[in-house]
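One structure is given below, encoded as structure tokens.
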Amino acid sequence: PHTLEVKRKRRAQKQGARRNTLELIQPATPEPVEGREHVQVQTELYLEEISDRIIEVDGECQTDDFLDRPPTPLFIPAKTGKDVATQIEGGELFDFDIEVKPILEVLVGKTVEQALLEVMEEEELAQLWSHQRAFAELRNAEFAELQRLEEQDRRIREEKERRRLEHLEKLRKQKETAEKIAARAFAQRYLADLIPSVFNNLYDSGFFYDPIERDIETEFLPWLMLEVEETLQKKVLGRTMLDSLIRMVVEKRLDEFSHPPPPAQTKAPAEEPRAADAAPKMSGEADAADQPVAEE
Amino acid sequence: MAQPRISAYLPPDIDPTKAALAFGRRALPKLNEELQSPELLSQQRALMALCDLVHDPEKVYQAIALGFLDSLKTLLVHQDQTVRQKTTEVLSIMALHSIGREGLIRGGVISALPGLLDDPVDICRKNTHQIFDRLAKLPEGAGSVLRAGLIPPLVLKLETELDEIQELILGTLSNCLRVEVSEALAAGAVAVLKEKLSHPSTAIRSKAAWVLLEISSHAEGKIAVCKEEVIPVLVRLLEDTQPEVQVNSAGALMFALVTPQGRSSAMGAEAIPPLLTLVAEETSKARLNAIKTLTLLAELPEGRRTLLDHRETFQRCLDDPSEAVQRAAEIAITVIDWKP
């Protein structure tokens, strides 16, 4: 009903709009004369009530809750064809034990193979190392033997060397001792008449002397000679002095005789007594020296 | 309903931590490229895959031929510890094969490894020492370890590291010192080893005795061993319960007693009775070494006198199945019977 109304409204609007336009374009029904009223009348045979509202009748309907689809009725098609049956007995299709063998073999085999590989690898290594160790032991044993022999050899050589040196030393000492003995014997013999000859020589060269004689010879006589020399020298000195005095006097006299005579004569006689004093003094000393020597 | 997936569980071969391997010959080159990629995850996955592949000697050969060692060397100094750990593991597995060892020595990996000695992660250090240990078993490997100047740091590490790493270090040292001993002596190895001889662990004791054996096989080593008075300790170890320790200490004595000072200190430590017990045991592995040591002691007059009474022990050794023991016993008898 609502939609119908809406439709009517819309239609009315359209018609109104159309009417408006129509009215503008065309004249409409003239207005009623005075006293009259225009009324809408139906002219059909059967009058119907015209109203804006369409006669409506409400009706309802409602669905029920959904029910489960009922189970399909069992459809058994008509049987056609021939019945044939087949049955697989227990061991006919395959024998599990036999068939599972290859699968198991592969599984187990692969596992075992892998394990074997690993074990083999380790074993190979262990073998290698044990081989190496055995070799190393032998080698070490041989090497130790070698070193022992070397050491022995070295010791023996050293021992030999030492003994040889000892022996040489011994020989040398022996030789030395023999030489010493020979030298000693020779020396003894050589020196046997050394002493007499030495004494002879010494005696000849005057080592054995009478001490007094020697003393006199060594000390007294030189001293004596010295004194004699001194005395003689004094005498010579006196003579020399005398000579020089005489010379001086003579020169002076010469000078005096060449030059005018200075008063120098007093000096000359003064010097003469002095020289004369000196001469007897010296002879007196010489006598004095002689006397002590004679006393000795 | 049928589905293409048979079961809800993934097949057991897929390991998300491993890189996928290309087929056949392409596997290793592809891994090489992945190793050089800048992304951490792909590097780690490639390393995990490589670890498994490297157990095969052919793959090792191929890897070395392809130049894996350069990429591995760059990865050794990576910041991530998993990368370092896996790289060292790969290198140590490579060192298990002889081809791998030669390749590693030729590729100069040893010079790249000393930086890892101070790594904070235990397992990296352990793998590094494993590499050294395995490489040192070759003479060229021992030579290159010596040339890289690794002996002094190794001797220092001996005092501070964990026990299992100490075993590896001792193994490396024993192989290297067989060649040359002066650097180790300068680093004071004998004193450190003397301490280790009293360690509670059997393996460390036996390996320390082995290292001392190698040291005393050189002349300057013998002098050092006598000076540090290791001989009495070794004599005490002869009575140890473990056979390996006995073998190795008997061997060390065998070399150290060659010098006269060694012999006199051994006589002072009364080495003869334990050595005689070792010789008398039929199944002892230390027989050979003990016989040799007694031979050395028999060259001393006091030794000879004592050993003359035990001549029958040596006679019995003549029936030993091992030829070397027989020979040693003969030599021992000759030395004992020698009259000056």
Side-chain angles (χ1 to χ4, degrees), chain A residues 94 96 99-100 102-167, chain B residues 12-13 52 55-57 93 95-98 133-134 137-138 171 174-175 178 210 213-214 216-219 222 244 247-248 250-260 262-263 285-300 322-325 327-328 331-332 335 338 340:
Chain A
F94 62 85
F96 180 72
E99 295 300 322
V100 87
I103 303 178
L104 261 185
E105 271 177 18
V106 167
L107 281 175
V108 172
K110 279 276 172 215
T111 322
V112 168
E113 194 183 315
Q114 183 69 19
L116 268 179
L117 273 178
E118 290 179 11
V119 168
M120 256 174 31
E121 194 176 314
E122 287 176 17
E123 206 179 286
E124 189 185 340
L125 280 175
Q127 274 273 354
L128 280 175
W129 301 151
S130 74
H131 208 67
Q132 203 187 37
R133 256 191 88 105
F135 169 72
E137 269 188 28
L138 279 175
R139 175 193 167 275
N140 282 341
E142 290 299 313
F143 197 38
E145 185 63 26
L146 174 77
Q147 287 192 340
R148 184 188 73 87
L149 287 173
E150 254 180 34
E151 179 70 21
Q152 215 185 28
D153 191 45
R154 184 187 69 89
R155 270 205 332 252
I156 289 178
R157 243 183 305 129
E158 265 184 24
E159 189 72 23
K160 259 201 279 193
E161 189 66 26
R162 222 167 2 116
R163 291 220 182 137
R164 192 177 68 91
L165 284 176
E166 240 179 62
H167 192 68
Chain B
D13 197 45
D52 287 334
H55 283 270
D56 187 0
I93 301 179
L96 280 177
H97 308 284
S98 110
D133 185 25
R134 288 166 186 172
K137 294 205 200 281
L138 278 184
S174 70
N175 285 316
R178 192 174 296 154
W210 186 263
L213 191 156
E214 301 291 345
S216 6
S217 60
H218 300 264
K222 284 195 250 275
E244 301 94 40
V247 171
N248 289 339
L253 278 174
M254 178 171 83
F255 278 109
L257 292 192
V258 174
T259 55
R263 262 179 260 205
K285 282 187 272 180
R287 248 186 160 189
L288 183 59
N289 294 346
I291 296 181
K292 288 254 178 278
T293 323
L294 284 172
T295 320
L296 282 169
L297 283 174
E299 293 184 356
L300 285 175
S322 153
E323 189 202 313
V325 175
R327 251 183 311 167
I331 298 178
V335 170
W338 181 74

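What you see is a predicted model; the values in this text were computed from it and never measured. Just so we're on the same page: letters track the sequence lines, and every chain starts at 1.
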Next on the checklist: For B:Ile331, which atoms come within 4.5 Å of any heavy atom of chain A: side chain, backbone, both, or neither?
Outcome noted: side chain
Next on the checklist: Taking side chain as everything from C-beta outward and backbone as N, CA, C, O, which of these in B:Asp56 sits under 4.5 Å from a heavy atom of chain A? Side chain, backbone, both or neither.
Outcome noted: neither
Checklist entry - Salt bridge check: are A:Glu151 and A:Arg148 linked by an N-O gap of less than 4.0 Å? => result no
Next on the checklist: Around atom CD of A:Glu158, are there more than 12 heavy atoms from other residues, nucleotides or ligands closer than 6.0 Å?
Outcome noted: yes
Checklist entry - Does NZ or CZ of A:Arg139 fall inside the cone over A:Phe135's six-membered ring, less than 6.0 Å from its centre and within 45° of the axis? => result no
Checklist entry - Should the pair A:Glu159-A:Arg163 be classified as a salt bridge under the 4.0 Å nitrogen-to-oxygen rule? => result yes
Item to check | From B:Ser98 atom OG to B:Arg134 atom CZ, the distance as rounded to the nearest 0.5 Å | outcome: 14.0 Å
Checklist outcome for this item: Highest number of heavy-atom pairs under 4.5 Å with chain A among B:His55, B:Arg327, B:Lys137 belongs to B:Lys137
Checklist entry - Looking at B:Gly251, B:Ala324, B:Pro260, B:Ala219, which one has more heavy-atom pairs under 4.5 Å with chain A than the rest? => result B:Pro260
Next on the checklist: Using every non-hydrogen atom in the two residues, find where B:Ser174 and B:Trp210 come nearest and quote the distance to one decimal.
Outcome noted: CB-CD1, 3.1 Å
Next on the checklist: Which atoms of B:Thr293 are under 4.5 Å from chain A, going by heavy atoms: the side chain, the backbone, both sets, or neither?
Outcome noted: neither
Item to check | Residue part contacting chain B, namely of A:Glu145, when any heavy atom lies under 4.5 Å | outcome: both
Checklist entry - Given that the side chain runs from C-beta out, which part of A:Gln132 has a heavy atom under 4.5 Å from chain B: side chain, backbone, both or neither? => result side chain
Item to check | Contact origin within B:Leu257 toward chain A - heavy atom pairs under 4.5 Å | outcome: neither
